[in-house]
*Asks:* 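Dropping a structure here in structure tokens format, bear with me for questions.
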Amino acid sequence: MELRRTHNCGELDSQDISKTVILSGWVDRRRDHGGLIFIDLRDRWGITQIRIEPVSKAYKDAKRLRSEFVVSFKGIVVERPEGMINKKLKTGEIEIVAEEIEILNESLTPPLHISGEVNSSEDLRLKYRYLDLRRPEMQKNFLIRHKLCQIVRQYFSENNFVEVETPFLMKSTPEGARDFLVPSRVWNGRFYALPQSPQTYKQLLMVAGFDRYFQIVKCFRDEDLRADRQPEFTQIDVEMSFIDVHDIIAVVENLMVRIFKNLLDIEIKSPFIKIPYSEAMSKYGSDKPDLRFDLQIFNISDLVVESDFKVFSDTVKSGNVVAGICARNCAGFSRKQIDDLIQWVKDRGAKGLAAIKVKGTDWEGSLNKFFTENIRKNIVRKMDAKDGDLLLFLADTTELVFSILGDLRIYLAKNLKLISENEYKLAWIVDFPLFEYNSEEKRYVARHHPFTSPKLADIDKILTEPEKVQARAYDLVLNGMEIAGGSIRISNTELQQKMFRALGIGDEEANDKFGFLLEALNYGAPPHGGIAFGLDRLVMILAKCISIREVIAFPKTASAMSLMDNAPSVVSQVQLDELGIKLKK
RNA sequence: GGGGUCGUGGUGCAGUUGGUUAGCACAUCGGCCUGUCAAGCCGAAGGUCGCGGGUUCAAGUCCCGUCGGCCCCGCCA
């Protein structure tokens, strides 16, 4: 390399005119006029136009340049002639008149377009990830990610948190997601597990007296993937001692305020609203409601129990519910639009959907006659329906009605374009149930995790009425996505043992799997609690991406493959023998 | 595990009720061209229509299977 760069491709402007500079980068585009050649040279910082004239020493080599060749130019910064300024480029007022060129490397014709918009299928982007990551759009995402990490580290350090690394090779534990297992060579037949989260370690760090811990850390869960889920992902993990719920909330809210200010220049208001879990479910049909639009769910069971519409009255009498949402100004929906909605809810398991167009005090359509004026009035009043609105009702089990209406709310909001791009609605979801019943395993499982403390008033009900016990847990929801979740932990051995018993984990098993934690709690564990953020999801929202893969450098496909290096792959017999593993045929 | 959707030159797409030699744009190669910035003009090369099987006189198109991408359900303390 003979030409050492003096500037990057995004920094020169009219201030630098007549300077001799050296730029290095990739050929973004070439415009060869036969005589004059223009090269758009690209690096991480931007694009600068290079002009190569036929008289230039660089001309002969410049003629060979193609897309993505790596090249350095030495030349003079000149003002562009009148009318030739490119306002789309930060460096568009100037160009470099090339004097010398050094081609550092050539490139095959790239299999995907680097300049301009995404124009390639995702499997190709993943196979040639190093080229995909060369795209400015992708680099922008990773700059946001980097800045977020910087803000997080600075924030927690300022607030006396200590970043401590915890092991990736740990003990496999029951409960929660499926573990990724790592076979042990030294101990044939035994396995490490990759952490689903550093949960137990951070609690032990509290017992150790670190008081305030955080870590930006990889976590691993061997479950099926989604647009917002990868088998390995990054958490911002936090734990604090001698605190209560409101302390964690305050620490997190201040962090969020700083993140939005520094990254998006948006002032968000703290404190964030708190919504009890039960209210979130009944109003929004979700424990992570998107609050950027209204479309609330209303339970009208009590209003229709005596109506002549059998579908509704019978549903309520049999202990199920009738509930609906009011779609503003949608009475104009066509027969087809309504049929599509009906099909949409049926696909999700509903028996049907009652759609009613509000016309003054009357309802358009055949359902009108089943309801007295009084019932209609009450429903309209409860749902705050206006002339021209469309009411959509579901009658079924509580669980089905609210979950489908919750999905329908989002579906309608998207179709009706009720969601504005630059709005950010944060909310805490609180008062979660501690347990939920798992019908497959026929036992109660921890909704959050088995170390979550119950509300003190509910401790007596743990073994007798587990479904009524509330947790000292909290989720942070941003625009309909869970971005953080945490709890106050159990710091007392007896309570922890009681918790395991409630989960159907026998004393022996509890000791075998979590004995180290139970033992630690006996040696002066301080009251403690914490929270963990999904860093990838947060970056995804901040970068306005639809998929988590856009903010992970080398992600897996939906079937958990890495298309670039073809992982997972078969391994040699020697490797298997060392690990004492025999593959099933 | 289940459902939906997609797979056609290097890339992105079109291809009708099955019917001549599978078409377009970009990229590539060659020619012309000194102010372009998605440069332009002329020309050329480039295809096992994901893979396997079937129906048919005839399959990119219909059927079955399979592989892969994406989305969703289950799953994700």
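All heavy atoms count here, side chains included; hydrogens, waters and symmetry mates do not. Chain letters run A, B, ... following the sequence lines, proteins first, then strands; residues in each count from 1. Quick caveat: nothing in here was measured; it's all calculated off a predicted structure.
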*Asks:* Compare every heavy atom of A:S67 with every heavy atom of A:S107, then report the nearest pair and how far apart it is.
*Replies:* CB-O, 3.8 Å

*Asks:* Could you tell me if the ring centre of A:F168 sits under 6.0 Å from that of A:F220?
*Replies:*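 Yes: the rings meet the under 6.0 Å criterion.
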
*Asks:* Report yes or no: is the ring centroid of A:H33 under 5.5 Å from the six-membered base ring centroid of B:A39, with the two planes under 30 degrees?
*Replies:*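 Stacking is present between B:A39 and A:H33, given that their ring centres fall under 5.5 Å apart and the planes under 30°.
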
*Asks:* Among residues 215-225 of chain A, which contact RNA chain B at a heavy-atom distance under 4.0 Å?
*Replies:*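 Result for residues 215-225 of chain A: A:R221, A:E223, A:D224, sorted by number.
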
*Asks:* Side-chain N or O of A:R31 less than 4.0 angstrom from OP1 or OP2 on B:A39?
*Replies:* yes

*Asks:* Is there a side-chain contact between A:S18 and A:V78 (heavy atoms, below 4.5 Å)?
*Replies:* no

*Asks:* Write down the protein N/O and nucleotide N/O pairs, taken from nucleotides 47-50 of chain B, whose separation is under 3.5 Å; answer none if there are no such pairs.
*Replies:*
none

*Asks:* Between A:R229 and A:E53, which is nearer to the 5' end of RNA chain B once each is assigned its nearest nucleotide?
*Replies:* A:E53

*Asks:* What contact category does A:R80 fall into here, base, sugar-phosphate, or nothing, at under 4.0 angstrom with non-hydrogen atoms?
*Replies:* base

*Asks:* Please check if the distance between the ring centroids of A:F69 and A:W26 is under 6.0 Å.
*Replies:* no

*Asks:* Do A:S491 and A:R489 pair up side chain to side chain, a donor and an acceptor below 3.5 Å, judged on atom types alone?
*Replies:* no

*Asks:* For A:R549, answer base if it contacts any base atom (sugar-phosphate contacts may also be present), sugar-phosphate if it contacts only those atoms, and nothing otherwise; contact means non-hydrogen atoms under 4.0 Å.
*Replies:*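 Contact class for A:R549: sugar-phosphate only.
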
*Asks:* For B:A38, does OP1 or OP2 lie under 4.0 Å from any side-chain N or O of A:S115?
*Replies:* no

*Asks:* Checking all strands, does A:D347 fall into the base, sugar-phosphate, or nothing category for heavy-atom contacts under 4.0 angstrom?
*Replies:*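 Touches nothing.
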
*Asks:* Can you figure out which of B:C76, B:G35, B:G74 approaches the side chain of A:A177 most closely?
*Replies:* B:C76

*Asks:* Which atoms of nucleotides 6-11 of chain B (N or O only) lie under 3.5 Å from a protein N or O atom, and what are those distances?
*Replies:*
none

*Asks:* Between A:G176 and A:K63, just flag the one whose closest nucleotide in RNA chain B comes earlier from the 5' side.
*Replies:* A:K63

*Asks:* Can you see if the side chain of A:R226 gets near the phosphate of B:C73 - specifically, an N or O under 4.0 Å from OP1 or OP2?
*Replies:*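 So the side-chain polar atoms of A:R226 do come within 4.0 Å of the phosphate oxygens OP1 or OP2 of B:C73, strictly under.
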
*Asks:* Would you please name every residue forming a side-chain hydrogen bond (donor to acceptor under 3.5 Å, both in side chains) with A:E508, sequence neighbours left out?
*Replies:* none

*Asks:* Tell me which residues in residues 477-515 of chain A lie within less than 4.0 Å of RNA chain B, going by non-hydrogen atoms.
*Replies:*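 None, since no heavy atom is under 4.0 Å.
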
*Asks:* For the side chain of A:D40, starting at C-beta, report the closest nucleotide among B:G30, B:C70, B:C37.
*Replies:*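 Selected nucleotide (nearest to the side chain): B:C37.
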
*Asks:* Under a 3.5 Å cut-off for both distances, is B:C70 Watson-Crick or wobble paired, and to whom?
*Replies:*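 With both distances under 3.5 Å, B:C70 matches B:G4.
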
*Asks:* Would you measure the distance from the P atom in B:G2 across to the matching atom in B:A22 and give it in whole Å?
*Replies:*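 To the nearest whole Å, 39 Å.
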
*Asks:* Under 4.0 Å, heavy atoms only, any strand: does A:R66 hit a base, just the sugar-phosphate, or nothing?
*Replies:*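 Contact class for A:R66: sugar-phosphate only.
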
*Asks:* Spell out, as yes or no, whether a donor-acceptor pair under 3.5 Å connects the side chain of A:Y284 to the backbone of A:G406.
*Replies:*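 No.
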
*Asks:* Which of these nucleotides, B:G35, B:C75, B:C70, is closest to any side-chain atom of A:Q49?
*Replies:*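 Of the options given, the side chain of A:Q49 lies nearest B:G35.
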
*Asks:* Given that both distances must come in under 3.5 Å, which nucleotide forms a Watson-Crick or G-U wobble pair with B:U34?
*Replies:*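 When the pairing criteria are applied, nothing turns out to pair with B:U34, so the answer is none.
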
*Asks:* With a non-hydrogen cut-off below 4.0 angstrom, is A:R51 in contact with a base, only sugar-phosphate, or nothing?
*Replies:* base

*Asks:* By nearest atom, which of the nucleotides B:G35, B:C70, B:C72 is closest to the A:A227 side chain?
*Replies:* B:C72

*Asks:* Please list, in numerical order, the residues of residues 85-95 of chain A that have a heavy atom closer than 4.0 Å to any atom of RNA chain B.
*Replies:* A:N86, A:K88, A:E95

*Asks:* If we take the P atom in both B:A27 and B:G7, what is their distance in whole Å?
*Replies:*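 Pairwise P distance, B:A27 against B:G7, rounds to 24 Å.
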
*Asks:* Cut-off 3.5 Å, side chains only: do A:Q215 and A:Y213 have a donor facing an acceptor?
*Replies:* yes

